[in-house]
Amino acid sequence: MIKLKKVCIMLFCCLFVVTGCLDRRELNDIAIILGWGMDQKDDGTYVASAQIVVPSKLGNSTGGAGASPGEGYLFETAKGKSATDAAQNMQLKLSRELFASHRRVILLGENIAKNGLAKIIDEYSRNPEVRLRTDIFVVKGGTARELLSIPYKLESMSALAPIKIHQSVGGTESITFKQFLSETISEGSNATLPTIEVVSSGGNNGQAQQGKTFKITGRAIFDKDLKMIGTLNAAQARDRFWIRNELKVNTLTVKVPKGNGNISFTGRKFKSKVKPVIQGGKVKFFISLFGKGTIKENNTNLDLKSPKNLKAIEQALNKNIKNHMTGTISHIQEEYQADILGLGETVHRKYPKRWKKLKGNWNEEFAQAEIIIKVDMNVEQVGTTGPSIHLKESEIKK
Amino acid sequence: MKISALQIFWMVAVVELGMTLLLTQSPAIAAAKQDAWISFAVAGLSGVVITFIAGKLSLLYPNQTFIEYCQTILGKWLGKLIVIPYFIQLFLSMGVILRQSTEIIQMTLFRNTPLLVLIILMLYLMIYLTYKGGIEGIGRFSEVVGPLIFIVIILTLILSINGMNWRNILPIYADSGWKSILKGSVAPLSFLGEGSLIMMLTCFIQESKKGVNYAIRAVALVSAFITVVTMFVTMVFGGLASRMWYPYFEMVRFISVMEFLQNVEILVIVIWILSVFIKLSTFLFLTSFGVAQFLHLKDGGKVVWFVAFTLIPLSLMYPNIISASIQFPQKIWVPFILPINMISIPLLLLVVGTLRKKMEKKSEMN
């Protein structure tokens with residue numbers, strides 16, 4: 001009997017320390033942020049905008065019950081002195097507590113990028129709620145607020161669209177923020193972020209009026225103070241990915257002189273090897289680029305069954321890529337003097353002792369470095385036809 | 001009330017692993033950058049040596065408890081005096097571990113729950129295991145949980161592979177040099193050196209020689225393991241790791257396999273709580289047992305309650321996480337506990353003890 005009493009008292013005492021419902025946070029108590037945007041006004045204050053999941057609507061739109069785009073989320077904005085301050089002000093309008101754990105995309109207006117990111121990006125890695133696995137985009141020539149307010153038909157949450165577009169054009173998979181931070185703290189490289197632009201979309205569901213949509217347009221380059229100093233276009237951004245060994249997929253359309261027309265080549269295996277050499281105090285880079293893939297379109301009169309013609313195509317690819325690459329690199333070297341290709345890191349790894357002297361003014365060294373490019377493309381498949389099927393026998397060049 | 005060699009293996013391994021993995025990577029990487037894994041290897045080797053010395057010492061008198069053989073070796077008064085630093089070590093470390101662990105639990109899981117509630121809950125479980133199970137209960141618990149902890153960590157490493165860039169580990173050695181590498185190894189060593197507690201555990205092991213042997217192996221295994229984990233962390237985060245409080249935990253948070261397998265960090269928190277729980281229970285047992293023997297108390301069980309309650313102020317006395325995680329190790333653990341408790345005293349006892357044994361043998365022969 002006494003034992004039973006003891007047990008009861010023990011259990012009762014437990015009630016006071018068991019955490020139980022103290023920390024409950026149920027789905028209908030939280031406002032899940034999926035997309036987050038930051039803009040800066042001319043007076044220096046920040047404007048945050050957020051796309052918040054509306055769970056009940058989200059189910060409908062995927063079920064195809066006719067929910068129109070833009071219903072799956074709530075769009076809200078607020079002013080503030082920092083990201084957290086703006087979130088606090090936004091909370092005043094929200095019945096549910098803001099919850100940032102699932103924030104997958106952060107958009108930064110061009111103003112903020114030009115004024116410098118150093119004063120605004122700390123929260124994205126410090127807040128214990130958030131994850132480092134986040135994509136960040138710079139909204140070129142616009143504001144994050146405008147971009148987040150555009151509904152996007154293919155995704156019930158339009159904030160997800162930039163991530164998916166970025167991946168489908170050969171970009172990295174939700175690690176842009178981590179890479180941005182790595183580049184920022186590394187002495188041998190300058191940071192970059194992908195850019196996105198608001199553009200008009202071609203026809204809206206057959207209606208005459210044109211809607212708005214957005215487009216990944218390349219990459220923004222930052223200086224050491226994290227101020228945006230320029231941009232690369234989409235093709236140049238892909239060149240950068242390739243040199244950094246991050247390119248996943250790419251389609252190249254080149255003219256083949258022998259066949260008097262274009263071919264389109266889709267590659268899925270891209271690699272690069274960067275070999276730095278220091279000769280007499282000068283840094284030289286040998287960059288070898290490799291790629292394998294399939295020919296998807298052949299507008300030449302070449303018969304792709306013949307190895308000779310394949311060789312000609314590969315040569316055309318090599319030449320074309322080399323030219324473009326050289327253009328991209330000299331554009332970066334001359335225009336920005338900013339090593340966004342990670343070349344400094346390769347010197348750091350190969351010549352760690354010399355690097356200590358070089359790293360002080362690496363960007364000047366980089367701008368003057370000679371870069372020798374070698375391209376070796378390999379056409380593995382040519383599609384389902386040899387010569388183009390519509391050509392007459394006499395037109396085909398064997 | 002004896003435990004097997006295998007149980008001591010897992011007990012030492014778990015005691016060493018949890019806190020070292022979470023708390024020493026950041027200072028080591030900050031000091032030695034991408035060469036932090038070398039720091040861990042160095043610290044691991046030194047940790048094995050420390051454990052070896054402590055183990056040798058305890059094997060001089062395998063059937064006596066630490067407090068008993070201190071008095072056998074140094075005489076009654078000096079022997080009593082020399083165990084006092086160990087009481088200080090155990091009390092302080094229990095307090096700080098309790099604080100750090102509950103702080104992390106609060107940060108990651110229960111943000112609205114007061115720290116005191118989490119501390120009391122943890123203490124309650126510790127008291128239960130120590131009071132009801134004693135060292136045998138702790139040993140059996142480690143035997144069950146230990147392999148699980150290692151399996152989960154290996155799993156997280158495998159899942160991290162696709163986010164790795166092995167070049168992050170280059171250049172080896174050239175950036176840091178020996179000084180930085182040694183500096184980076186101090187923090188891990190001060191944790192791995194806790195293997196020296198084997199000198200208090202040997203008297204509870206059935207086959208003491210085999211048990212000590214296993215304990216040394218456990219320290220070696222954990223060191224190798226953490227060296228590998230540090231390499232992984234460096235390869236995933238590069239220089240970013242030195243800015244993070246808990247790089248390994250962040251690496252697990254970063255896991256994403258095909259955008260599908262994500263958010264697995266809760267697994268790590270669970271096994272980590274288990275690991276800390278075993279560590280705290282082991283320390284609680286050793287302290288209570290020691291206090292009871294030191295003060296010649298008959299009822300060891302009540303001492304457990306007493307010790308546990310003193311831990312509440314000892315864990316709450318730190319004003320913030322920085323004083324518990326950075327200042328405490330820097331100002332107390334590394335300059336005092338590591339050289340005095342883990343190295344000097346065991347060495348002194350070993351030398352004096354060996355001489356005394358030889359003299360006894362001589363006098364017997366004469």
Side-chain angles (χ1 to χ4, degrees), chain A residues 10 13-25 97 99 101-102 104 122 125-134 160 163-164 167 172-175 177-189 244-246 273-274 342 345-356 359, chain B residues 33-35 102-114 116-125 128 162-177 236-247 249-259 262-263 265 321:
Chain A
M10 271 295 221
C13 289
C14 282
L15 280 182
F16 293 99
V17 289
V18 165
T19 54
C21 298
L22 203 56
D23 263 300
R24 85 191 184 290
R25 294 176 97 193
E97 195 191 340
F99 187 68
S101 279
H102 296 275
R104 297 205 33 208
D122 179 73
S125 52
R126 181 179 302 276
N127 184 349
E129 256 183 23
V130 307
R131 284 158 202 284
L132 209 50
R133 195 171 267 280
T134 311
L160 288 179
I163 308 175
K164 290 194 172 175
Q167 281 175 31
T172 46
E173 210 172 292
S174 46
I175 54 170
F177 184 41
K178 185 197 122 190
Q179 282 182 331
F180 174 78
L181 292 175
S182 301
E183 288 166 359
T184 310
I185 65 165
S186 148
E187 279 156 310
S189 56
R244 293 175 61 97
N245 234 335
E246 287 159 2
K273 257 188 197 151
V274 180
E345 276 303 311
T346 63
V347 179
H348 177 199
R349 277 162 198 154
K350 197 172 166 199
Y351 300 98
K353 292 231 169 78
R354 300 254 197 117
W355 174 247
K356 281 175 188 158
K359 69 182 177 186
Chain B
K33 292 185 190 134
Q34 68 268 32
D35 295 325
T102 46
E103 195 109 35
I104 291 171
I105 296 170
Q106 191 190 36
M107 193 178 85
T108 52
L109 297 176
F110 305 116
R111 293 180 314 152
N112 297 325
T113 310
L116 185 63
V117 172
L118 295 172
I119 288 176
I120 290 176
L121 262 181
M122 192 66 140
L123 277 177
Y124 180 75
L125 289 173
Y128 176 76
N162 71 345
M164 272 178 11
N165 178 3
W166 64 270
R167 287 192 181 84
N168 279 340
I169 219 155
L170 301 173
I172 293 169
Y173 181 67
D175 270 6
S176 50
V236 169
F237 285 131
L240 295 180
S242 65
R243 313 280 175 98
M244 299 167 173
W245 276 103
Y246 313 113
F249 184 61
E250 290 297 330
M251 180 178 87
V252 177
R253 267 162 67 91
F254 200 69
I255 287 175
S256 165
V257 179
M258 320 289 280
E259 299 265 315
Q262 291 175 330
N263 309 0
E265 69 264 16
I321 186 168

Measuring heavy-atom distances to chain A, does N165(B) have an atom under 4.5 Å in its side chain, in its backbone, in both, or in neither? neither
Under 4.5 Å to a heavy atom of chain A? For L116(B) that would be neither
Whatever's closer than 4.5 Å to a heavy atom in chain A on R167(B) counts as both
Check whether more than 12 heavy atoms from other residues, nucleotides or ligands sit under 6.0 Å from atom NZ of K356(A), and answer yes or no. yes
For the atom pair CG (L170(B)) and NZ (K350(A)), what is the distance rounded to the nearest 0.5 Å? 12.5 Å
The side-chain hydrogen bond (donor to acceptor under 3.5 Å, both in side chains) partners of T102(B) (sequence neighbours excluded) come to none
Do R349(A) and I169(B) have side-chain heavy atoms sitting under 4.5 Å apart? no
Structural part of E187(A) lying under 4.5 Å from a heavy atom of chain B: neither
Side chains of residues 178-185 of chain A: which donor-acceptor partners sit under 3.5 Å, not counting sequence neighbours?
from	atom 1	to	atom 2	distance (Å)
K178(A)	NZ	V236(B)	O	2.8
Q179(A)	NE2	E246(A)	OE2	2.9
S182(A)	OG	K178(A)	O	3.1
E183(A)	OE1	T192(A)	N	3.0
E183(A)	OE2	R240(A)	NH2	2.8
E183(A)	OE2	R244(A)	NH1	3.4
E183(A)	OE2	R244(A)	NH2	3.2
T184(A)	OG1	F180(A)	O	2.5

Looking at CD of Q34(B) and NE2 of H348(A), how far apart are the two atoms once the value is rounded to the nearest 0.5 Å? 5.5 Å
Considering all heavy atoms of both residues, which atom of L132(A) and which atom of F237(B) are nearest to each other, and what is their separation? CD2-CE2, 3.6 Å
Just how far is it from atom CD of E250(B) to atom OG of S125(A), taken to the nearest 0.5 Å? 8.5 Å
